[in-house]
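All ligand and atom numbering here is 1-based and tracks the order in the structure.
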Amino acid sequence: MVQKLIAGNWKMNGLPSDIGQIHAIKAGLEDTPLSCELLLCPPSPLIMQYAAHAGDAFAIGAQDCHMNTSGAHTGDVSAALLKASGASYVIVGHSERRTDHSESDEVVAGKAIAGLDAGLTPIICVGETLEERRSGEAVSVVCAQISKSSASVLGQSYVIAYEPVWAIGTGLTPSIDEIAQMHSGIRAHLISVDAQKGAETRILYGGSMKPGNAAEILAVDHVNGGLIGGASLKSDDFLAIARAA
Ligand code: PGA
């Protein structure tokens with residue numbers, strides 16, 4: 001039985017003065033410990049401060065890294081610097097990066113291996129568009145994305161986050177049956193590539209998960225946690241989702 005992972009993605013939100021959220025999460029965990037693993041991914045400049053305050057209570061991660069170890073890449077951040085700042089995970093291939101920065105599956109695979117090489121666990125994001133879902137091809141589209149985006153990290157420990165693009169930040173979610181079908185399709189695909197690792201790899205669901213729908217989604221077979229955007233910005237909501245796991 002894999003331990004569930006509840007990961008918050010703050011995206012381009014948060015300031016040093018929001019440190020109270022970190023203290024509130026920590027206080028909540030001291031009151032009532034969780035059975036799942038908890039991770040918060042703030043913007044990179046906040047990682048060092050937040051990780052120092054989170055201590056051993058919960059993990060801090062990054063939202064992106066560069067695929068190279070160092071060099072002339074203005075504005076980018078290396079996985080090694082994220083690790084040295086206190087991150088233990090790195091999200092790669094979020095649909096907002098794939099869209100806003102034209103990141104291909106091959107680039108995502110490069111970032112995933114850069115994360116692993118620096119000692120970070122990559123969370124590789126995949127998901128279909130609304131057109132792809134309507135065409136009935138969602139599972140095969142997502143499995144093809146996984147093959148290409150994780151090609152560099154086979155046999156190693158990583159996390160998959162399934163995030164239907166049309167459900168991110170929209171309040172819309174797939175039906176429970178659609179989530180179950182996708183997650184079991186992903187599991188079968190991972191096992192076909194590597195029986196042992198495929199059975200252990202955590203598959204998170206992301207896209208408009210909130211306190212009101214978390215328990216139902218997290219109870220679905222092969223849903224091993226969540227990647228939470230909007231609802232992770234308030235410590236109470238984030239903790240409520242983690243308690244539902
Ligand atoms: P959301 O975002 O929870 O606000 O839909 C999820 C994500 O993009 O990780």
Mind jotting down which protein residues get a heavy-atom contact under 4.0 Å with ligand 1? Chain and number order, please.
Asn9, Lys11, His94, Glu163, Ala167, Ile168, Gly169, Gly207, Ser208, Leu227, Ile228, Gly229, Gly230

Is any side-chain N of the basic residue among Glu96 and Lys11 closer than 4.0 Å to the acidic one's carboxylate O?
yes

Thinking salt bridges, do Lys111 and Glu106 make one under a 4.0 Å N-O criterion?
no

Filter on ring pair (Phe, Tyr, Trp, His ring centres under 6.0 Å), then keep only pairs touching residues 189-232, sequence neighbours left out; what's left?
none

Quick one: side-chain contact (heavy atoms from CB on, under 4.5 Å) partners of Ala138, sequence neighbours excluded?
Glu128, Arg133, Met182

May I have all residue pairs that pass ring pair (Phe, Tyr, Trp, His ring centres under 6.0 Å) and include part of residues 128-174, sequence neighbours excluded?
Tyr162-His183

Charged N-O contact under 4.0 Å between Arg98 and Asp105:
yes

